[in-house]
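To start, the structure itself, in structure tokens.
Throughout, protein chains are lettered first and strands after them, A, B, ... in sequence-line order, and every chain is numbered starting at 1.
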Amino acid sequence: MKTVHPLPDEASVVPVRQPLITVEKLTVDMPLGRSGSSVRIVDGVDFTIGVGERVALVGESGSGKSLTARALMRLDRLAKLSGRVDFDGTDLLKLSDRDMGKLRGSSIAMVFQDPMSFLDPLMTIGDQVAETLRIRGIGKAEARKRALAVLDELGVDRAAERLDAYPHEFSGGMRQRVVLAMALVGEPRLLIADEPTTALDVRVQDQVLDLLDDVSTRRGLAVLFITHDLGVVAGFAERVMVMYSGRIVEDGEVASVFAKPSHPYTQGLIKAVPRIDQDLNTLYAIPGAPPPPLARPSGCPFHPRCDQRFDRCGVDLPALQPVGMSRVACHLLDGKGA
Amino acid sequence: MLAFRAYSWFLSRRLGLALLTLWGLASLVFLMIKLMPGDEAQMAAGADASAAQIEAVRERLGLDAPVIMQYFSFLGRLLRGDLGTSIVTLQPVLADLEKVLPSTLELVFIAMLLNLAVAIPAGIVAAYRQGGVFDATSRVTAVMLGGMPAFWLALVLQYVLGSVWRVVPISGQQSYGMASPIVTGAPTLDALMALNVGAFFDALHHIILPAAVLAALFATQIFRTLRASLLGVLRSDFIMAVRAKGATARHMLVRHALPNSLNPVLTLSGTQAGAMIGSAVLVETVFARQGIGAYMFNAVAQKDAFAVLGSVMFIGTVVCLVNLIVDILQLLVDPRIRAAQLGSQGQ
Amino acid sequence: MTAPAIAQPAARRKEGFSAFEMFVFALVVALLAIAVFGPFFAPDSIYSSDIANSLMPPSAANWFGTDDQGRDVFWRLIVGAQTTLLSAFLVVTLYSLIGVTIATVAAAGPRWLDEGLMRITDIGLALPGMIVALGFAAAMGASLRSAVIAMAITGWPITARMLRGIMRQTMEQPFVAGAQVLGVSKWRLMTKHVLPNSLDVLIVKWAGDIGTTVLVLASLSFIGVGAQPPSAEWGATIASARGYVSTAWWTVVAPGAAVAITSIAFGLLGDIIQVRRDPSLRGN
Amino acid sequence: ASAADREHTIIVGLGGQINTLDPLRADYNQTNTIISAVYDTLVTYDDTKLVGSLATEYAYSDDAKSITFTLRPDVKFHDGTALTAKDVAYTLDRLKRLGAGVASLIDGYDSTTVTDDTHLTINLSKPNTLFLPSLSKIYILNSALVETNKGGDDGQGWLQAHDAGSGPYVLGDQSQAVVIDLFPGYWAAEAGRPESIVFRRIDESSTRRDELRAGNIDVAFGFADRDAAAMATDPALKVVPINTSYQTEVVFNTKVGPTADPKVRKALRMVYDYAGGLRGVRGGNGKVANGPLPARLDCRPELPEVKRDLEAAKAMLAEAGASSLKLKMNFQPVFELQKQEATLFQSNLREIGIDLELEPIAYPNYLASLKDPNSIPQMMLLEDFAQFPDAGIMLVKGYKSDAIGTNRTGYANPEVDKLLDTALATADDAKRCDLYKQVQTILDNDSVMVDMYGVYKPAAYRVGTLADLKASMLATPAEPADFRLAKP
Amino acid sequence: MLMSIDSISKSYNAFPNPPAKVLHDVTLNVDTGEAIGLVGESGSGKSTIAKCMLALIKPEEGRITYDGIDVIHAKGDDLRRFRREVQMVFQDPYGSLNPRMTVEELIGEGLLIHKLEPTAAARRARVAEMMEMVGLNPNDMDRYTRSFSGGQRQRIAIARALVIRPRILVCDEPVAALDVSVQAQVINLLQDMQKKLNLAIVFVAHDLAVVRHLCEKIVVLHKGKVVEQGSRDEIFGAPKMPYTQSLLAAVPVPDPVVGRARRAARRLETAN
Ligand SMILES: Nc1ncnc2c1ncn2[C@@H]1O[C@H](COP(=O)(O)OP(=O)(O)OP(=O)(O)O)[C@@H](O)[C@H]1O
Ligand SMILES: Nc1ncnc2c1ncn2[C@@H]1O[C@H](COP(=O)(O)OP(=O)(O)OP(=O)(O)O)[C@@H](O)[C@H]1O
Ligand SMILES: [Mg+2]
Ligand SMILES: [Mg+2]
């Protein structure tokens with residue numbers, strides 16, 4: 001049944017793509033209690049995703065990946081957003097709530113981390129998948145038919161029978177397919193997948209990745225893939241953006257970033273992953289833990305954990321600058337490093 | 001077929017437990033009454049009865065038997081659906097209850113309707129517009145209403161609305177000449193059955209203030225519970241998923257948020273049903289309604305053992321029944337509970 | 001290798017109190033202060049009938065007027081605060097103790113014990129509190145003591161039921177298995193690990209219950225069970241004034257307002273605790 | 001309600017539960033009020049005077065062991081059958097069989113000899129001059145009707161909601177409220193009786209007041225004095241302080257405890273603020289008492305009113321060696337005014353350093369406590385009243401040493417016992433009266449109670465509905481049969 | 001042989017359906033000082049085995065013996081010794097520490113209840129020493145765990161388990177909830193401790209790369225059955241069973257070249 005899609009030859013030149021979504025100086029502030037003060041979680045993020053492009057956003061827990069993703073769809077009711085999110089020529093941050101609502105699900109869709117908690121436990125699978133269409137005024141029978149088609153496409157076996165089942169009756173992998181079906185049924189152009197495989201075990205994760213791979217290729221769908229697992233990135237994405245403490249610290253083609261990571265944080269992340277295909281030695285561990293948004297260190301937020309830091313790191317915030325094919329935010333690359 | 005068996009198993013188990021509870025309740029109250037001082041035979045024989053007369057009555061009513069025997073004969077009669085005879089009215093307790101129950105049930109039912117009809121929409125709006133003007137005012141109102149003694153509120157409102165402004169009747173269940181033929185005993189229902197619109201509205205007019213007073217305290221509880229529960233649900237991930245599909249606020253609230261936050265509200269209204277009948281005593285007294293509250297109160301005052309037992313058994317039955325209904329509703333609302341309780345894996 | 005000292009601030013920062021919260025605290029403190037110290041300032045005459053001056057409207061001498069015995073309504077309210085709040089605290093404490101004990105035993109015990117206790121709890125839930133109070137009043141004489149005991153023995157089932165459910169949930173938490181693996185005794189497991197992590201919700205309930213209990217005590221007085229003359233307990237005060245709504249409104253309004261304010265203050269206190277515990281419930 | 005129009009209907013606001021309409025239960029006040037209009041008795045009271053009703057003539061035998069009656073010939077039950085001596089016999093025999101309710105009044109009934117339809121003789125097991133007055137509470141049943149509906153309980157269940165009487169009213173529709181309708185064939189028909197009388201239960205005095213003001217009811221009884229005062233200014237209402245046999249009093253346990261000492265009792269009598277209580281609690285609706293029996297009864301001696309005198313009370317207590325007493329008084333919490341009187345007494349006693357604990361007591365408990373002098377409350381606040389206006393019944397039930405269960409003071413005085421026994425066998429009214437007076441003087445000297453005041457029960461009606469409101473000594477405060485429309 | 005698990009079976013009640021058997025005749029042994037990896041997909045029964053090993057639940061069939069103690073029926077002194085010598089670290093670093101206890105109380109609890117250190121001062125010293133050892137700052141002893149990060153909590157959990165010097169430490173997916181960077185810290189710590197304390201470790205995980213790093217012996221579970229067990233080299237070098245092979249194949253590799261190649265190969269395989 002499955003079509004096997006030939007993998008791009010990594011020697012081939014990266015195709016020049018039409019930009020689909022362009023994010024400029026995006027910041028996300030979250031309110032703190034009732035005091036009226038807020039904390040900046042995402043701090044001036046710029047990036048572009050081309051039509052049909054697969055981009056991975058990686059970073060440790062709490063670095064702001066999810067908030068960035070949700071900001072693109074304006075899903076956090078409490079978040080204060082600023083900057084520009086240009087989608088197909090319109091600035092999403094300036095749209096009315098109604099118009100934004102129309103865009104959601106049909107132009108941009110989202111798949112979430114924990115498939116269980118992102119399904120309404122009281123509604124049948126079929127209704128939930130069809131809901132995206134029903135909201136748009138499509139008739140019940142038609143919506144159901146299309147839901148069934150998407151579920152079939154995603155390899156849910158006996159899909160017709162299972163339309164009337166409830167989420168709790170599905171296994172983790174199946175649920176993730178359902179969530180994916182919910183996102184795809186509206187035929188969006190950009191899919192934001194927020195850690196869609198983190199809660200799954202390796203084998204199921206693998207299946208879901210294959211699925212995403214197939215669907216995005218077949219539909220020419222752009223995917224923003226959020227994860228903290230570099231292994232997953234390597235096998236799936238074309239481009240990777242590394243996020244640390246609310247900022248992008250490195251952004252480049254997957255091949256070049258993995259081959260020669262520029263930022264010490266990226267280097268650390270890659271070294272810290274235990275690998276099945278290499279000799280055993282002590283794992284490299286980045287010391288310490290990422291800073292919470294309220295206690296970001298001055299200068300480069302990574303400097304307290306960085307083993308290549310020097311004086312300037314504690315003072316100046318490095319900007320994201322082009323370095324070869326990539327962009328990197330690190331003072332080391334200013335040529336003045338150790 | 002499988003589902004049917006699962007449901008009947010569930011129901012019979014619940015009914016069994018309810019019967020067990022009722023038996024425990026009956027035993028407890030029986031014991032309590034027998035421990036109370038006062039002589040039933042004397043109450044039956046009359047205040048001025050002589051010792052010999054009292055003894056004669058005692059024998060006739062079977063009160064000379066040891067308490068344990070009385071207990072067993074009480075249980076035996078109970079099994080045959082006989083709640084015993086009141087020593088005050090000298091009537092079968094069941095017959096007495098038939099007269100007073102409909103009125104109380106009507107009051108409690110309408111109060112419950114009012115309670116839910118006000119509290120649920122208010123809770124939804126308050127939770128969705130958390131921090132807004134409606135949220136603030138409704139929360140303050142809830143706290144205020146919940147803080148007043150029910151009978152006090154009843155007295156004050158009765159005076160202001162009934163006696164001074166005359167917008168509602170002061171007391172009673174219907175106006176003179178408005179009685180419909182008794183079918184159920186509940187004036188509103190009887191009026192409906194007699195197709196007497198005037199009588200129906202008259203009865204409704206009489207019940208509205210008592211029911212509102214009774215509902216006030218309970219509505220504040222429902223409101224607060226629903227609001228808290230909804231806030232929790234609104235924060236949950238799948239609500240975000242629904243929003244990501246482009247759903248309108250209304251759709252999201254009605255189709256997703258509300259069903260998911262109903263469970264604690266259902267549980268609460270189950271416990272409220274019993275408490276409402278208990279509180280009905282106060283409201284019935286103030287508004288001069290003839291219900292089980294007044295009957296039971298009188299029965300305790302007169303040490304009318306079987307009347308008390310009968311009333312308590314009735315309230316207990318209602319509580320058990322309501323809880324059973326709540327269980328079933330929870331089952332219907334939530335497929336997970338259905339799976340857990342009925343054991344079917346959704347085939 | 002020692003990791004650097006933790007840079008993280010406390011997960012939830014201490015927030016200042018809003019003006020409203022300060023107001024509620026002040027109200028509760030004021031009520032408690034009145035309950036504790038009020039009686040020291042009250043004139044002796046609050047227990048002496050001055051029948052010639054009964055049912056006098058509010059005046060400079062009697063701020064809230066006088067009651068049917070000609071006693072000063074204001075001072076009786078002040079003195080009654082002590083009895084009222086003390087009884088309410090007593091009731092809530094008593095039934096909480098019973099409830100916590102039953103819930104703990106049920107949660108810790110074998111299945112049959114749990115089932116048995118829960119059936120007893122069901123019976124308790126189905127038992128109308130009013131009837132038990134009337135029964136107690138008949139057996140022990142109608143007095144505040146009977147009312148308190150009756151409320152204590154009818155109040156526990158809800159606590160027990162809720163707490164047992166919460167405790168069962170808590171017992172599913174991995175840290176409980178962790179303690180079991182360490183070999184802690186059942187007693188320590190329940191008291192040190194399970195109970196402290198289950199009481200949160202109930203503490204909110206109890207704060208609110210103080211107010212509710214004041215209300216129920218008032219209702220019991222209304223049906224003749226409760227504090228007896230010459231006690232200035234608020235419920236008894238309202239109950240005996242109930243016939244004067246139109247003829248001497250001050251005797252009804254003043255104690256009713258006292259009960260309402262108290263119940264509202266403690267209710268709000270419960271709300272505040274709850275919001276502190278779970279800030280998402282906050283309104284403004 | 002009924003077919004009668006509102007004009008000719010009187011709606012009564014009645015406090016308290018109407019448990020049953022079985023004449024057996026005429027000992028319940030609410031029951032008695034209603035059935036007094038549905039049934040007839042052999043004899044009745046015109047104010048305090050015993051007069052014939054169904055009986056035109058009656059007489060004790062010389063030994064007071066039997067009574068002969070001559071009945072009216074023209075009395076019909078509501079179903080049209082004639083009332084005869086047989087029905088009287090049936091009624092009394094049934095009561096004796098059942099032994100409950102008003103049966104306690106005919107204790108000592110032996111049998112009835114029916115001579116013919118209108119003549120009969122009642123035989124007693126021992127001389128009992130109280131028997132005849134007691135018959136004023138015994139409602140005569142339609143024997144044939146009860147017999148056909150007797151069921152398993154001698155007709156008790158049936159009589160609950162059905163009538164078997166011959167009185168001026170028949171039981172009407174009982175669905176929402178108790179309704180009685182005029183009986184056209186009444187033997188003593190009089191013009192002006194309402195077509196229908198509706199009894200609505202309204203417990204709270206203030207609610208009755210407001211309903212009366214609003215015109216939803218026409219007449220109501222038992223008002224709190226404060227409400228009566230408030231209504232007195234309303235020109236649409238007429239307030240009538242009904243003076244029957246009610247007396248507020250505190251009875252002592254004369255057998256055990258500190259109150260067994262007559263000196264202590266006497267001292268305590270001098271403490272209560274009679275005038276203050278009457279004015280403050282009762283709104284002046286009453287009169288300070290003198291003597292153990294209510295002032296409205298006949299056969300009372302001229303006893304002095306007790307005066308409040310704290311100094312004398314203290315001196316008396318000192319003399320009795322009981323200066324710092326701790327006492328306990330019971331009262332019935334359902335009666336708000338009694339609670340106020342109890343509170344006042346408590347406050348009065350504190351003035352002379354006596355600590356009085358108040359404890360409410362439910363009526364069944366109180367009755368049960370009377371079975372043993374040791375359990376009789378030390379002091380009990382009561383609003384006492386006579387079931388029928390005869391001094392003898394109150395004295396015999398209340399103070400004879402063998403009246404266990406109704407003797408509320410544990411009083412045992414051979415001299416009183418002897419005087420009362422003599423009275424029970426004395427058919428001559430004047431002589432009997434004299435004996436009663438002697439007993440009352442002894443009781444008063446013995447200070448068996450704090451006799452506070454006779455109380456008048458305010459009743460009120462809407463001007464233009466009733467012509468008047470007449471007090472009744474039998475069905476207090478008023479008998480519906482006495483109602484007359486203002487505009488018939 | 002320190003602990004032997006001898007053909008145990010375990011079912012969970014699914015009333016009113018028949019009980020579901022989740023372990024079928026599982027047999028495995030733990031030797032002093034060795035690290036065993038327990039791998040398998042979600043629901044394969046790994047946690048169930050771990051719980052049986054700790055006597056948190058009882059298998060219906062089979063025997064579990066620890067150093068002469070019949071674990072399933074142990075009571076009194078035997079049970080106490082077992083509880084001291086076999087310890088556990090859980091997956092969820094947020095739920096597995098009692099939030100109402102300070103770090104000192106948490107780590108010191110074992111010392112207290114097993115009466116290993118009679119005085120409070122001595123216990124404090126031991127706790128400090130242990131915190132030092134797992135890389136925590138002893139100054140944080142009086143704090144509650146809510147302000148600690150996931151990795152730090154896992155360190156506390158490890159310290160809590162190790163302070164009473166157990167001989168076996170069962171870890172149920174201790175790094176699954178942690179970030180890669182922190183995961184490496186915890187794995188290194190466990191490895192370190194195993195060597196220092198001559199500890200036997202039973203390591204439950206579904207990430208084979210991690211298991212490979214830590215364990216010299218691997219047990220592969222599938223649907224409650226042991227499908228393959230052997231040394232690290234056997235399992236990773238030449239897996240015999242297809243299930244093991246599929247597990248291995250699914251492990252992502254953080255290298256675009258290798259990773260894509262592996263996936264392409266595997267997909268061709270499954271497509272055929
Ligand atoms: N509603 C909110 N209010 C305040 N702070 C928030 C809120 N949601 C998230 N945060 C904070 O924002 C930061 C980034 O959160 P985010 O969920 O974007 O991280 P993430 O990179 O997706 O991490 P993870 O891998 O754990 O999903 C965290 O420190 C989190 O505590
Ligand atoms: N308490 C329980 N009651 C009923 N079934 C259970 C219970 N605990 C586990 N199971 C079932 O037993 C099977 C094995 O569960 P177990 O937790 O041992 O798996 P696991 O290998 O640890 O999986 P994971 O990787 O998801 O933690 C699963 O199918 C699970 O649903
Ligand atoms: Mg995230
Ligand atoms: Mg597991």
Chain D-proximal positions within residues 154-161 of chain B [heavy-atom distance under 4.5 Å]: B:Q158, B:Y159
Residue part contacting chain B, namely of D:N365, when any heavy atom lies under 4.5 Å: both
Close side-chain approach of D:L14 to D:V178, heavy-atom, < 4.5 Å: no
Proximal component of D:Y366, with respect to chain B [non-hydrogen, under 4.5 Å]: neither
Side chains of D:D203 and B:T285, donor plus acceptor under 3.5 Å: no
CD-OG1 distance between D:Q17 and D:T31, expressed to the nearest 0.5 angstrom: 9.5 Å
B:A41 to B:L63 - nearest heavy-atom pair and separation: N-CD1, 3.8 Å
Structural part of D:R201 lying under 4.5 Å from a heavy atom of chain B: both
Parallel, tilted or perpendicular: rings of D:W158 and D:H162 (30°, 60°): parallel
Residue D:I11 versus chain B: region with a heavy atom under 4.5 Å: side chain
Flag side-chain contact, heavy atom, 4.5 Å: D:R408 against D:L382: yes
Cation-pi geometry met for D:R208 and D:F223 (6.0 Å, 45°): yes
Options D:A214, D:A177, D:G16, D:G405, ranked by heavy-atom pairs under 4.5 Å with chain B, top entry: D:A214
Segment of D:L98 engaging chain B (4.5 angstrom heavy-atom cut-off): both
Closest-packed option against chain B by number of heavy-atom pairs under 4.5 Å, given D:Q156, D:R209, D:E204: D:Q156
Inter-residue atom distance D:I217.CD1 - D:I202.CD1, 0.5 Å rounding: 4.5 Å
Structural part of D:R213 lying under 4.5 Å from a heavy atom of chain B: both
Side chain / backbone / both / neither for B:R289 at chain D, heavy atoms under 4.5 Å: neither
Considering all heavy atoms, the nearest D:L171-D:I180 contact: CD2-CG2, 3.7 Å
When D:D22, D:T207, D:I18, D:T20 are compared by non-hydrogen pairs under 4.5 Å with chain B, the top option: D:T207
Shortest non-hydrogen contact from D:L474 toward D:S136: CD2-OG, 3.4 Å
Side chains of D:T409 and D:Y399, donor plus acceptor under 3.5 Å: no
Inter-residue atom distance B:I54.CD1 - B:Q42.CD, 0.5 Å rounding: 4.0 Å
Structural part of B:A44 lying under 4.5 Å from a heavy atom of chain D: both
Engaged part of D:E211 at the chain B interface, taking heavy atoms whose separation is under 4.5 Å: both
Partner chain B: residue of D:D107, D:V102, D:L367 with the largest heavy-atom pair count (under 4.5 Å): D:L367
Pick from B:S171, B:S86, B:A288 with the largest number of heavy-atom pairs that fall under 4.5 Å of chain D: B:S171
Which atoms of B:V286 approach chain D - backbone, side chain, both or neither, heavy atom under 4.5 Å: backbone
B:V88 versus chain D, the contacting section by heavy-atom distance below 4.5 Å: both
Test item: side-chain donor near acceptor, B:Y295 and B:S311, under 3.5 Å: no
Donor on one side chain, acceptor on other, D:Y139 and D:N32, under 3.5 Å: yes
Contact origin within B:D39 toward chain D - heavy atom pairs under 4.5 Å: both
Among the listed options B:R166, B:Q173, B:K99, the residue most often paired with chain D at heavy-atom distances under 4.5 Å: B:R166
Geometric class of the B:F306/B:F30 ring pair [parallel <30°, tilted 30-60°, perpendicular >60°]: tilted
